[in-house]
Amino acid sequence: MNRRRTIRIVSAVIVGAALWVVSGTVSVRHRTVTGTVTEFRPGDWLAIRNDQFMLFPLALHGETRYESQDGRAIAAPSTVEAGALATVWYRDLGERRPRVGRVRLGDEGRAP
């Protein structure tokens, strides 16, 4: 009788963990924001202010892709400056800052 109970509990924990993992990956949506870069720390984070003056602090990571306006990869994202126009694709994973997957900059990341 104890063995059956243990098997049921272990099975319930495994099923619960599997559902948690699946629900976490399925419910994550990619979102975009377009605006002006207000702060930028390469490899760490950037802040974008949109046209409604909402500030979006976003986390960068090693896999973040940087592109020019025509979609070409930018070799040195450290050239990004405050004042640059950007569109950012990000996911909210429940962390302090949403995680950026791609940054598309206008005018090669230079401020106009």
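Quick note: numbers below take in every heavy atom, side chains included, and nothing from hydrogens, waters or symmetry partners. Please read all numbers here as calculations on a predicted model, not as lab measurements.
- Both V37 and M54 belong to a single network of hydrophobic side chains, linked directly or stepwise wherever heavy atoms of I, L, V, M, F, W or Y lie under 4.5 Å apart.
- With sequence neighbours left out, T36 forms a side-chain contact (heavy atoms from CB on, under 4.5 Å) with L85.
- Note that CD1 of I9 and CZ of R4 are 14.5 Å apart. Values are rounded to the nearest 0.5 Å.
- With sequence neighbours excluded, the residues forming a salt bridge (Lys or Arg N to Asp or Glu O under 4.0 Å) with R102 are E67, listed by chain and number.
- Residues W89 and L58 form no side-chain contact, since every pair of their non-hydrogen atoms from C-beta on lies 4.5 Å or further apart.
- Of all heavy-atom pairs spanning P98 and P57, the tightest one is CD-O, 3.6 Å.
- Qualifying side-chain contact (heavy atoms from CB on, under 4.5 Å) partners for V10, counting only residues two or more places apart in sequence or in other chains: T6, I14.
- Contact check for V103 versus T64: side-chain heavy atoms found under the 4.5 Å cut-off.
- In terms of heavy atoms, I48 sits closest to A86 at CD1-CB, 3.9 Å.
- Using a 4.5 Å heavy-atom threshold, the side chains of T32 and V88 count as separate.
- Not counting sequence neighbours, T38 has no partner by the side-chain hydrogen bond (donor to acceptor under 3.5 Å, both in side chains) test.
- Nearest heavy atoms, L60 versus Y66: CD1-OH, 3.5 Å.
- Residue pairs that meet the side chain to side chain donor-acceptor pair (under 3.5 Å) test with at least one member in residues 40-59, sequence neighbours left out, are N50-Q52.
- Counting only residues at least two apart or in different chains, side chain to side chain donor-acceptor pair (under 3.5 Å) contacts with residues 7-19 are absent.
- The closest donor-acceptor contact from the side chain of H61 to the backbone of V100 lies under 3.5 Å.
- Side-chain contacts under 4.5 Å among hydrophobic residues (ILVMFWY), followed directly or transitively, place F53 with no other residue at all.
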